[in-house]
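Each remark here refers to the structure printed beneath this line.
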Number of protein chains: 2
Amino acid sequence: MAEDTTSEPMGNVTADDVAAAAGVSRWTVNRAFKKDASISAKSREKVMAAAKALGYVPDLRAASLASDRSNLVALLVDDFANPHKLVMMERLTRILRKHGWDTLLVNTLGRDDANDALLNASQRRVDAVILIGIQFDDEVLRTASHARRFKKLIIFARVSQNPNTISIAVDDVHAMLEIAEYVRTKGYQRPMFLAGPRTVSAHLPRKQTFLAYWKEHFGSEPETCEVEAYDPVLAARVMADTLKGRPRDALPDIIVCENDALAMGTIDVIRHDLGLRVPEDIAVTGFDDVPQIQGPNYNLTTYRQPLTAMAEYLVTVLESQKDEDLSRSFKGHIVPRTSA
Amino acid sequence: MAEDTTSEPMGNVTADDVAAAAGVSRWTVNRAFKKDASISAKSREKVMAAAKALGYVPDLRAASLASDRSNLVALLVDDFANPHKLVMMERLTRILRKHGWDTLLVNTLGRDDANDALLNASQRRVDAVILIGIQFDDEVLRTASHARRFKKLIIFARVSQNPNTISIAVDDVHAMLEIAEYVRTKGYQRPMFLAGPRTVSAHLPRKQTFLAYWKEHFGSEPETCEVEAYDPVLAARVMADTLKGRPRDALPDIIVCENDALAMGTIDVIRHDLGLRVPEDIAVTGFDDVPQIQGPNYNLTTYRQPLTAMAEYLVTVLESQKDEDLSRSFKGHIVPRTSA
DNA sequence: CCGAATCCTGCACGCGCGTGCAAGAATTAT
DNA sequence: ATAATTCTTGCACGCGCGTGCAGGATTCGG
C-alpha cells in the first residue's frame, strides 16, 4: 500500500485524537493552542507536533459555543454600487483579521430586508454587528438595538443619533467646513450641492454644514440636488436631467458632491452631456478619495477619511468590556487635485 | 415600573425556555424552526408565538456542531483593487443568502498568506471554500486540497487544472475567440495584448487564445505586455512606461486587455499621457463589464460573464451530495460599445 | 536537604442543538 | 366500534471545547 506516512485525516480530527497521539490530556491540547495559557514549552511542542501530523485545528464553533465569544463580526452592506464600499471592506477585513476577528459579510438587499439581515447575524451569535450601509435608518436601528441580541451595534463611517449604538465616523461638520472654505477661497460663486439619499440622519450634516456656511458668508442659499443612491450611474442620470439645456449662466460653477460616487457621475455628465470642461467650466469636489478618482481622468479634489485609524479603533471597541459610550469621531483631511 | 410587557431577553434565550413557555418539549421547538419537519400546525404556532415573545432564534453554531453542516462558506479574496471583485461579492452574497447560505469574507493578503486564510476558514468548519482571488496558484491549491479539511474547494470565475477542485468559470477560449474575431472584422491591424499577472494557469488561456488566433490569421505574433496586478492604477503606470515616447506608427491601433481593470488604466494613459483619442487613435477592449466602464467616459467594448447563472450554479454545487466532478464552464457574450 | 511558593496538568460539567427511534395521539378503514 | 395507519411527540446521547478548581510536579530559598 502506498499510503501516506501521515495518517490520513479522514473525518474530523478532534483534540482527543491529538491528546492520545501526544500522550497528554485533551485539555493540554487545547491549552497548547491558546495564546497565553499555562503550559510547559515541552508539552506544547509535543502537542503541536502531533497536531500537525494529524492535521488538527481547533473547532471555533465549539469554542464559541462553550465560551460565548465567537470572535466573529457581521458586516452588513447594502450599497454595493458605491465603490467606496470596496475600500471599506478591504480595510475592515484586513485589520479585523490581523487582530483575530473573522467577518461575516451580509448583503442587505434593501430597507425591508434589514431585519432579516440582522436576524441572520444573530443566528450566528456574532460578537458585534457592523453597519456600513445607508438604509439603516433610525427605525431599523431602534428595532435592532431593542432586540438586544447583539452585544455591540456599530455604525461605521456614519453617525447615528440612536443610543445603544456605537458610531465610528469622520467628523462631517469639520470635514465639510474644510471643503466649503476651500471652495470659497478658490473664488467659486455659484455652487450646487449634490446630496445622496436622505435616509434619516445619514449624511445630512454634510449638506447642512455646507449650506449654512455659504449662507453665512454670502447670504444666499446654494442650489441643491438629490440622488437616491450613491451610484455613479444614477447620479449621472439625475445630473443630466437637471443640467442639460440650461443656459451657460444658469449653470453652477462648482458642484460640491456628498461623495465620490456622485462626483464621478457628475463629471461624466459635465464632459459628455454638456460638452464642458472640468474644472474650467464647472468644478467638482467629492468625498472619500476612492481609487477610481485618483487617476488623471477624474483627478478629483476630495476628502480622505482616516480609514485605517478608524478600523483600528473599531478593534479596540470590539475588545473593550466597558459599557460606556464608545462612539468616536475622527478628522480626515482634504486632498486637493485638479477638479476644483 | 415602566417595564416592557414582553419579558426582556436578557442573556441567551434557549430552546428550553421557549419549550417551557409553549408547554412542549425542546425538540418540538427546534422542529418548529425546521423547514419540513413533521410537526402539527397547532404546535408550530404555539412555539412561534412563544419564540417571538421571548426573542428566540436558533443558535446556528450549536446546530452546525451537532449536524456537521454549517451552511457557511468562506469567500477568499485577495484582489480588492479590481472593481470586478465588488460585483462578484455582491452577486455571490446575494444569491447565497437567498438560498440560506452565509458568507465568511476572508481578505487574503497575499500569496504567503493563502495558507493562513485557508486555516482561518477551516477553523470555522465552513462547508466550502470559494476562491475568487488570483494568488491561489496550483501549489497553494494542492496544499489546500491535500489537507482535505474542506468538503469543497471552489474556484469561481477562473479555471484550474487542480483535481479535487471545482471550477465555475466562463469559457475563456470561446470568449477570447469572440473578441479576437470582433477585433479582426473591425479591421484592426496592430493589436497589443495586455495581460495580468501570470500566476500559474490563471487567465493564461485568454492571452494564448488571442495570440494563436492572430498568428493563424495574419502570421504575425502581436506585441504583449504584462501588469502584475489587476489594478487600474498599476496598469496605467505600466502602459505609460511602455507607450510613451513611441512614434505614432510604433503604437498599436488596438489594445486588447485581459480585463476591464487593465483597460481602464490603459484608456487613461492613451488620453492623458499620450494625448490621443479612443478609439480613433487607439482602440481598447476589456473583459468583465464592470459598472465603471459602462458610462460615457470609458464606454468600453467588453465581455460579460453570466455571473448570476454562475452564482446560481454555485448553489447547486454546494447542495450537491455527489462526488462527481462538478466543474462547469459558461458562455458569456461580447458587449460592443464605442471604445473599439 | 526540607518546606514553601510556583508552575502544570487533569477533570466534571455545561454550551444549544441534531439524530434516530419508540411510544403516544389522531386519523382512517373495515 | 375496533384495528390498521399515519402523524406527532419525547428522549438519550453526542458534537468539540471552555471554565474553574484541585492535586501533582517542579523550582527556589535557606
Side-chain angles (χ1 to χ4, degrees), chain A residues 9-48 50-51 54-72 100 122-127 149 151, chain B residues 9-48 50-51 54-72 100 122-127 149 151:
Chain A
M10 288 303 260
N12 284 334
V13 184
T14 155
D16 283 305
D17 303 337
V18 179
V24 296
S25 74
R26 176 175 73 70
W27 292 271
T28 303
V29 172
N30 289 335
R31 272 199 199 90
F33 282 89
K34 260 197 108 177
K35 192 69 191 220
D36 21 43
S38 94
I39 185 177
S40 70
K42 196 167 35 174
S43 297
R44 173 166 269 153
E45 210 168 315
K46 268 196 303 183
V47 169
M48 288 317 214
L54 296 178
Y56 167 79
V57 278
D59 186 329
L60 257 40
R61 299 171 306 179
S64 156
L65 188 59
S67 71
D68 205 37
R69 189 163 190 281
S70 61
N71 266 46
L72 222 203
S122 81
Q123 303 219 134
R124 298 277 176 195
R125 300 296 192 265
V126 297
D127 286 337
R149 269 199 308 261
K151 305 177 194 159
Chain B
M10 289 302 258
N12 283 334
V13 184
T14 154
D16 283 303
D17 303 337
V18 179
V24 296
S25 73
R26 176 175 74 72
W27 293 270
T28 304
V29 172
N30 289 335
R31 265 197 271 274
F33 282 88
K34 260 197 107 175
K35 192 67 190 226
D36 22 42
S38 93
I39 184 176
S40 70
K42 197 168 31 171
S43 299
R44 172 167 270 154
E45 211 167 315
K46 267 196 303 182
V47 169
M48 288 317 212
L54 297 178
Y56 167 79
V57 279
D59 185 330
L60 256 41
R61 298 171 305 178
S64 156
L65 188 59
S67 71
D68 205 36
R69 189 164 190 280
S70 61
N71 267 46
L72 222 203
S122 81
Q123 302 218 133
R124 299 277 174 195
R125 301 296 192 265
V126 297
D127 286 337
R149 268 198 308 261
K151 304 176 193 158

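Letters go in sequence order (proteins before strands), and every chain restarts at 1.
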Whichever of A/Arg31 and B/Leu65 has its nearest DNA chain C nucleotide further upstream toward 5'
A/Arg31

Which part of the nucleic acid, if any, lies within reach of B/Arg61 when heavy atoms closer than 4.0 Å are counted: base, sugar-phosphate only, or nothing?
nothing

A/Lys34 NZ to C/dT9 P: how many Å, rounded?
15 Å

Look at the side chain of A/Asp17 and the backbone N and O of A/Thr14, then say whether any donor-acceptor pair between them is shorter than 3.5 Å.
yes

Taking any heavy-atom pair under 4.0 Å as a contact, classify B/Tyr56: base, sugar-phosphate, or nothing.
sugar-phosphate

Start with the C-alpha distance between A/Asp59 and A/Asn12, add both sets of side-chain angles, then the distance that settles side chain to side chain contact (heavy atoms under 4.5 Å, CB included), and finish with yes or no.
CA-CA 10 Å; A/Asp59 186 329; A/Asn12 284 334; 5.9 Å; no

Could you check whether A/Ile39 gets within reach of a base, just the sugar-phosphate, or nothing at all, counting any heavy atom under 4.0 Å?
sugar-phosphate

If you look at every strand shown and take non-hydrogen atoms under 4.0 Å, does A/Ser64 touch a base, only sugar-phosphate, or nothing?
nothing

Closer than 3.5 angstrom, by distance alone: can the side chain of B/Arg61 be matched with the main-chain N or O of A/Ser64 as a donor-acceptor pair?
yes

Does the pair A/Val24 and A/Val47 meet the rule for a side chain to side chain contact (heavy atoms under 4.5 Å, CB included), with working shown?
CA-CA 8 Å; A/Val24 296; A/Val47 169; 4.0 Å; yes

Contacts of A/Asp16 and B/Ser40 projected onto DNA chain D by closest heavy atom; the upstream (5') one is B/Ser40

Taken to the nearest 0.5 Å, the spacing of B/Asp127 CG from B/Lys151 NZ works out to 4.0 Å

Audit row: A/Thr28, A/Lys46, side chain to side chain contact (heavy atoms under 4.5 Å, CB included) steps and yes/no:
CA-CA 10 Å; A/Thr28 303; A/Lys46 268 196 303 183; over 6 Å; no

Range on DNA chain D touched by chain A, heavy atoms, distance below 4.0 Å:
D/dG16 to D/dT19

Hey, does A/Arg69 reach any base, or is it just sugar-phosphate, or nothing, if we go heavy atoms under 4.0 Å?
nothing

Side-chain N,O (A/Thr28) to OP1/OP2 (C/dG10) below 4.0 Å:
yes

